Amino acid sequence: MDFSSLLLKWYSENARDLPWRSTSDPYRIWVSEVILQQTRVAQGLSYYYRFIERFPNVESLAKAPLDDVMKAWQGLGYYTRARNLQLGAQQVVAEYHGKLPGNYQELLKIKGLGPYSAAAIASFAFGQAVPALDGNVYRVLSRVYGIFTPINTASARKEFFSLASELISPKEPAKFNQAIIDFGAMQCTPKSPACLTCPFSDYCYAYLNNLVSRLPVKEMKNPPRNRYFYYFMLRHDKFTYIRRREERDIWHSLYEFPLIETDQQLTDSELALLIEDSDLFKDSGIKVLHISNPVRHPLSHLTIWATFVIASITRPTYHLKKSFKRVLAVKVQEEYSLPRLIDGFMAAEPVARYFINPK
DNA sequence: AAGACGGGGTA
DNA sequence: TACCCAGTCTT
């Protein structure tokens, strides 16, 4: 049997039962594809349910406040996805009469949809025969066909797209795309794949040549750099100060406490000097109550070392009033979308709980 | 073509 | 730890 037939046979026995597969609503498929960009099904599932409940259709998403969208996305990561998903919804309302366009080329014009997602939606929602190449597909094809081109290059994209275009079942493109993704996620896994029960073991290049652990080939990336964050959890009566991150940087559109970033870890006395010198706190009557140990927060491209300073002030400075929002400290976690680093610290650290609700 | 952009699961 | 996940966007 050829590749596609074996694959579809495997899928008929092993398909995952996923909520976005039991709908024909292009909007739901769209939401699921964006959530699942660089995100495992297990991690995205609960977000999908909540997102669809909160924003059941294109219109509701398009007109929602950005903060509501971000709150629904809080904890998922790659927050540009959330902003672009809403921008895409507004785009669909404005330019496509509220209906997602039904072909690959038009879908590519929607904010947040690249080659993978556009192909996935085109095939799943509209039955177009376009291969959807994600990490799973690169892995499966590189192993079965013995392709050593590094998968994170432009030439690999062309090469795999061309191969997959020949393999895809013209009659059942959606099923083919879903099948090869499931096969990669469940059977042909990155580490210790289930080769002994694999339907392709008769002719899989990697298996026959004992190269399974060497494929796919990926070009190395640079090690993450360090950044040092000092967060100030200020208490002025029942209030504290936060702001939404608007610059081109991580955590765009999420909220945070006043932040001072340095290029290296500070000693306590260096930190004291910094507080004294900063016009953020000039004449604020700041009194430091607690300094946390540095919290290590590793991300894919950088490592953040965060120190949380809990302090009281007797009056807010001009700078504080100008650039920050004054909010009830007890409401910060439930009302605002926060990076995991901050949300996690507030949830786990006893001193932070004291900050939230002092006795 | 290369970096930036999160967070969590897995071996 | 290190790797990788239903990738996209910017420079």
Side-chain angles (χ1 to χ4, degrees), chain A residues 15-16 18-21 29-48 70 73-85 87-88 107-125 131-140 150-158 160 164 174 176-186 188-193 213-225 227 245 247-254 296-304 337-344:
Chain A
R16 289 181 287 187
L18 300 169
W20 46 86
R21 285 183 180 167
I29 294 169
W30 178 15
V31 170
S32 76
E33 287 309 329
V34 175
I35 285 178
L36 293 172
Q37 287 166 6
Q38 290 290 285
T39 304
R40 290 167 200 279
V41 167
Q43 189 188 355
L45 207 46
S46 65
Y47 283 87
Y48 172 80
M70 299 313 294
W73 209 268
Q74 172 181 335
L76 240 198
Y78 285 147
Y79 297 95
T80 301
R81 289 184 295 172
R83 291 198 310 134
N84 281 341
L85 184 54
L87 289 174
L107 286 164
L108 271 179
K109 298 178 183 170
I110 306 294
K111 207 74 167 150
L113 299 186
Y116 164 76
S117 303
I121 297 170
S123 67
F124 299 162
L133 270 44
D134 73 339
N136 294 301
V137 179
Y138 283 110
R139 186 170 57 255
V140 171
I151 60 174
N152 50 344
T153 60
S155 72
R157 216 179 74 69
K158 293 166 79 173
F160 282 85
F176 176 92
N177 280 336
Q178 285 169 346
I180 192 167
I181 289 170
D182 269 17
F183 182 76
M186 302 165 69
C188 195
T189 52
K191 304 236 169 100
S192 42
S213 64
R214 310 276 298 269
L215 285 169
V217 176
K218 211 166 184 177
E219 281 185 348
M220 285 288 295
K221 49 174 185 270
N222 296 327
R225 72 178 197 283
R227 293 176 70 175
R245 291 177 65 91
E247 59 277 6
R248 252 200 333 259
D249 199 358
I250 56 169
W251 302 331
H252 193 288
S253 303
L254 299 193
R296 184 170 168 276
H297 190 70
L299 304 175
S300 48
H301 60 298
L302 59 90
T303 299
I304 295 171
S337 49
L338 306 168
R340 289 292 279 181
L341 170 65
I342 296 176
D343 193 43

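Chain naming here is simple, since letters A, B, ... match the order of the sequence lines and numbering starts at 1 in each. This is a predicted model, so every value here is computed, not measured.
- A 4.0 Å heavy-atom criterion places the boundary nucleotides of DNA chain C facing chain A at dC3(C) to dT11(C), written 5' to 3'.
- Within the 4.0 angstrom heavy-atom criterion, only backbone atoms of the sugar-phosphate kind lie near P115(A); the bases stay farther away.
- Comparing dG6(B) with dT11(C), their P atoms are spaced 15 Å from each other, to the whole Å.
- Under a 3.5 Å cut-off, the side chain of T39(A) and the backbone N or O of Q37(A) do form a donor-acceptor pair.
- When DNA chain B is scanned 5' to 3' for any atom under 4.0 Å from a heavy atom of chain A, the first and last hits are dA1(B) to dG9(B).
- Put simply, NE2 on H301(A) and NZ on K221(A) are 11.0 Å apart, with the number rounded to the nearest 0.5 Å.
- Along DNA chain B, the nucleotide nearest L338(A) and the nucleotide nearest S192(A) are compared for position; the residue whose nucleotide lies closer to the 5' end is L338(A).
- Take the nearest nucleotide of DNA chain C for R21(A) and for L108(A): the residue whose nucleotide is more 5' is R21(A).
- Side-chain contact check for L254(A) versus W73(A): every heavy-atom pair is 4.5 Å or farther apart.
- At least one donor-acceptor pair under 3.5 Å links the side chain of R81(A) to the backbone N or O of I35(A).
- Contacts of R16(A) with the nucleic acid, taken as non-hydrogen atoms under 4.0 Å apart, include base atoms.
- Judged by distance alone, with hydrogens and angles left aside, the side-chain atoms of D343(A) form no donor-acceptor pair with the main-chain N or O of L338(A) at under 3.5 Å.
- Within the 4.0 angstrom heavy-atom criterion, base atoms lie near I181(A).
- The separation of dT8(C) from dG9(B), taken at their C1' atoms, amounts to 23 Å, rounded to a whole angstrom.
- Residue contacts for L76(A): at a heavy-atom cut-off of 4.0 Å it reaches a base atom on one of the strands shown.
- At the heavy-atom level, N177(A) lies nowhere under 4.0 Å from the strands shown.
- Residue S300(A) is classed as a base contact, given a heavy-atom separation below 4.0 Å to a base.
- Using a 4.0 Å heavy-atom cutoff across all strands shown, L18(A) reaches at least one base atom of the nucleic acid.
- Contacts of T189(A) with the nucleic acid, taken as non-hydrogen atoms under 4.0 Å apart, are absent.
- When each of Y48(A), Y47(A), F124(A) is tested with W20(A) by the rule ring pair (Phe, Tyr, Trp, His ring centres under 6.0 Å), just one qualifies, namely Y48(A).
- Residue contacts for A154(A): at a heavy-atom cut-off of 4.0 Å it reaches the sugar-phosphate backbone alone, with no base atom in range.
- As judged by a 4.0 angstrom heavy-atom cut-off over every strand, R83(A) is placed among residues making no nucleic acid contact.
- Among the heavy atoms of the strands, none lies under 4.0 Å from W73(A).
- When the shell of 6.0 Å around CZ of R214(A) is examined, it contains 12 or fewer heavy atoms from other residues, nucleotides or ligands.
- Heavy-atom distances to DNA chain C give each of S32(A) and I110(A) a nearest nucleotide, and the one nearer the 5′ end belongs to S32(A).
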message: Run the side chain to side chain contact (heavy atoms under 4.5 Å, CB included) test on L113(A) and V34(A) for me, step by step, so that the C-alpha distance in whole Å, both residues' side-chain angles and the decisive distance to 0.1 Å come before the verdict.
response: CA-CA 8 Å; L113(A) 299 186; V34(A) 175; 4.1 Å; yes
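- A gap of 14 Å separates the P atoms of dA11(B) and dA6(C), to the nearest Å.
- Within 6.0 Å of CZ on R245(A) lie more than 12 heavy atoms contributed by other residues, nucleotides or ligands.
- At the heavy-atom level, H252(A) lies nowhere under 4.0 Å from the strands shown.
- Within the structure, salt bridge (charged side-chain N to carboxylate O under 4.0 Å, His left out) pairs that include any residue of residues 29-39 of chain A do not occur (at least two apart or interchain).
- Judged purely by distance below 3.5 Å, without hydrogens or angles, the side chains of E219(A) and T153(A) never pair a donor atom with an acceptor atom.
- No contact: G44(A) has no heavy atom under 4.0 Å from any strand.
- Among the heavy atoms of the strands lying under 4.0 Å from R40(A) is at least one base atom, whether or not backbone atoms are also near.
- Both E219(A) and Y78(A) sit near DNA chain B, but only E219(A) has its closest nucleotide nearer the 5' end.
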